[in-house]
Amino acid sequence: MDLLNSLQTGFGVALQPLNLLYCFAGVLVGTLVGVLPGVGPVAGLSLLLPLSFKAPAEAAIILLAGIYYGSMYGGSTTSILVNVPGEAASIVTALDGHRMAQQGRAGPALGMAAIASFIAGTLALAGLTLLAPALARLAVTFGPAEYFSLMLLGLTVLAYLTQGPIGKAILMAAIGIVLGLIGLDPVSALPRLTFDRLELVDGVGIVPVVVGMFGFAEILAAIQQRATKSLAAARISGLMPTRDDWRRSAWPITRGSLLGFVLGILPGGGAVIASFLAYGVEKRLSKTPERFGKGAIEGVAAPEAANNAAAGGAFIPLLTLGIPPNVIMAILLSAFIVQGIQPGPLLMVQRPDLFWGVVCSMYIGNVVLLILNLPLVGIWVKLLRIPDVILYPLIMLFCVIGVYATSGSIFDVYLMIGFGVFAHLLRMFDYEPAPLVLGYVLGPLLEINLRKALIIANGDWMFFLSRPISATILVLVVLVLASALIPAWNAYRAALPAD
Amino acid sequence: MVSDRLVALPWIAVGAWLVYAGRDLGIGSARDPGPGAFFFWLGFVVAIAAGWQLLASVRASTPMQQRIHAALDRRAMLAVAATAFYAFILEPVGFVLSTCLFLFALTQLLRPGRLLNSALFAVLAAIASYGFFRHLLGTQLPAGLLG
């Protein structure tokens, strides 16, 4: 009954005209972000983060969440039609989706991608609706030791799953934590690493960091690569999959949804890993694995289900524990903080309207996406034809104005440019910026929880191991680090795409 | 790799500096960690991770020049310079004029020639973005010379 009341509250909020408008705008922009190669969900969210600050809290989070799960839908369209994945989670979809398009079956491939995304997205939301209250109740019992251990696990797993050597990823996470700690010490109010600059007393803002490292740096990379798009979109006729397509796809959608949801919840997991794993699982389970890569519809259904389910699952640790499991959720966490809201176990009690409003808006957003995507396929493909000479300058302008509009400070614009160049150079030397940004967001929380735990424990480090949940999580951290020494796992990590 | 070796060394220096800065801020004790404690320990993490990279790179060798050349791509660096100059003139010159210049410079950088097309795009985009940010979103933008 509580759940029904909560859902009623949530739909009451989500169906308010302003929130509906933001939900619609979010999924529309998200689809666009997913469609355009080079502007993935991280860059898209970073660029649009400053715009959300002017909106009411519910509307802002609904908008940003819409961009995230909307981008999962959009990425598949260009993967299938022109073999250009709009974002990393749709790379696998291109393997079979584009082959289907070449065989004259672009319509069923697009239809199945949209329907699998819708089913998985809705199942993940049902999971979120049912699991979140239980997890929030459990999280209330967590103390600083558990929070510290959980955040450490999140950072370790993300570092582990990031492309490139784990040593580089750990280094990036540590630098991110340092950046997050710049400013006044929360206990003694002593300025730390501010170099006597007044602008740094409040710390380095999230907007210059994420816009610089994911928006500006992406465009620098694109300018450097001088990539030219060769687009020959396949003809689309009849979007509905056949009865045989349905028969083949039913289980892959179910398995992909489950796998994606679980991977989405886990720290460090996310849509990219989920889509790759789901594809691998289906190929291994198939009686005809040789069809994969040659236009098997299961190769479209499973990864699309997995990446959308992962997008839904990732909201659970953010909303119930206040811990972002990946970089995208870290950006969303910063949006919450800017709005003066701390996500966590008490969010559901203190702001049920916000919590359930965001969850219910995602149900609505999924339906909107299904309705929007298929009829507008032609428009999305046309958008790919916007010349780089127009697109890149506009994105760079958006980076500058987005940062300037947030703080009104040119210093922040210089910071953004600096972080952009920094991320660009780092990538040249195989350092991925994702662990840095997660470290930046989690840094202050890590520090304060560690200090609290040590004060409670009277300086006894064994306190972290004396509490069962904290000890279990720390054992997992050690296991993850130890497994980095296993060559087979390293080979798997090396095969993962960046982002 | 040679490039990894070269990059690992400054990271070790950063780690050492963090250890120093952490000590300077005050490490405190385990019972009451000071404001520099986290920096102190993170300095060690950075130095050890960089040292690990240094050791891992000793055996392999790949051309450094190629990566440096890629990192310092002329067009990308000119785009950075144009953006920095844009930030420099944004407040004194104003949004519309500086944005026109910025967009014109970037379009010429990406595709030299077609001056009239570039100029037309720059002016229209600057005015449209001013309208979008200033009037639709209510963002405060510097008026500068036109103010």
Side-chain angles (χ1 to χ4, degrees), chain A residues 51 54 165-171 173-175 177-178 181 185 187-188 190 192-193 216 219-221 223-224 226 387-390 392-394 396-401 404-405 408 410 413-414 416-417 420-421 424-425 427-431 443 446-447 450-451 454-455 457-461, chain B residues 3-4 7 11 14-15 18 21 25-26 29-39 42-43 45-46 48-50 52-53 56 67-68 70-71 73 75-77 79-80 82-84 86-88 90-91 95 99 102-103 106-107 109-111 118 121-122 125-126 129 133 137-141:
Chain A
L51 293 187
K54 301 224 176 233
I166 193 167
K168 289 182 177 180
I170 290 172
L171 198 153
I175 294 293
I177 296 172
V178 170
L181 298 182
D185 174 42
V187 178
S188 65
L190 196 75
R192 303 187 295 181
L193 306 192
F216 197 69
I219 297 304
L220 290 183
I223 289 174
Q224 183 204 312
R226 298 156 202 249
D388 297 345
V389 69
I390 288 178
Y392 295 164
L394 287 178
M396 289 182 103
L397 172 68
F398 215 68
C399 289
V400 173
I401 300 308
Y404 184 78
I410 286 292
V413 178
Y414 287 128
M416 182 276 291
I417 297 169
V421 175
H424 180 63
L425 293 174
R427 281 195 180 130
M428 292 293 126
F429 295 95
D430 299 329
Y431 287 84
L446 261 174
E447 187 198 26
L450 177 69
R451 287 169 82 170
L454 283 173
I455 290 167
N458 213 11
D460 182 7
W461 287 91
Chain B
S3 55
D4 278 346
V7 177
W11 283 127
V14 169
L18 283 171
L25 283 163
S29 64
R31 286 178 191 198
D32 184 18
F38 230 60
F39 292 104
L42 282 169
V45 173
V46 169
I48 291 168
W52 183 359
Q53 289 313 304
R67 287 192 185 213
I68 294 281
D73 174 74
R75 288 204 318 169
M77 289 303 112
V80 171
T83 314
Y86 175 50
F88 182 69
L90 182 63
E91 284 183 335
F95 180 82
T99 303
F102 175 58
L103 293 176
L106 282 183
T107 48
L109 176 69
L110 294 171
R111 191 184 293 168
S118 284
F121 162 69
S129 53
F133 284 106
L137 300 177
T139 306
Q140 290 296 325
L141 294 171

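Here is how names work: the chains are called A, B, and so on, in the same order as the sequence lines, proteins then strands, and each is numbered from 1.
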Legend entry - Heavy-atom check, side chain of A:M396 versus side chain of B:Y86, under 4.5 Å: no
Legend entry - Side-chain donor-acceptor contact under 3.5 Å, A:Y404 with B:Q140: no
Legend entry - Toward chain A, the part of B:L25 with a non-hydrogen atom under 4.5 Å: both
Inset, instruction - Report yes if the side chains of B:L141 and A:I401 come closer than 4.5 Å at any heavy-atom pair, otherwise no. - result: yes
Inset, instruction - Under the side chain to side chain contact (heavy atoms under 4.5 Å, CB included) rule, collect the residues that match up with B:V45, sequence neighbours excluded. - result: A:I170, A:A174
Inset, instruction - Compute the centroid of each ring, for A:F398 and then for B:F133, and state whether the two points are separated by less than 6.0 Å. - result: yes
Inset, instruction - State whether the side chain of B:R75 and the backbone N or O of A:I223 hold a donor-acceptor pair below 3.5 Å, judged by distance alone. - result: yes
Legend entry - Check: B:L106 and A:Y392 side chains under 4.5 Å, non-hydrogen atoms: no
Inset, instruction - Please check if the side chain of A:R192 supplies one atom and the backbone of B:P35 the other of a donor-acceptor pair under 3.5 Å. - result: yes
Legend entry - B:L18, part contacting chain A, at a heavy-atom distance under 4.5 Å: side chain
Legend entry - Atom group of B:A84 that falls short of 4.5 Å from chain A, counting heavy atoms: both
Legend entry - Test ring pair (Phe, Tyr, Trp, His ring centres under 6.0 Å) applied to B:F38 - qualifying residues, sequence neighbours left out: none
Legend entry - Sub-4.5 Å side-chain heavy-atom contact between A:L450 and B:P33: no
Legend entry - Heavy-atom pair with the smallest gap, counting every atom of B:A30 and A:W461: CB-NE1, 4.0 Å
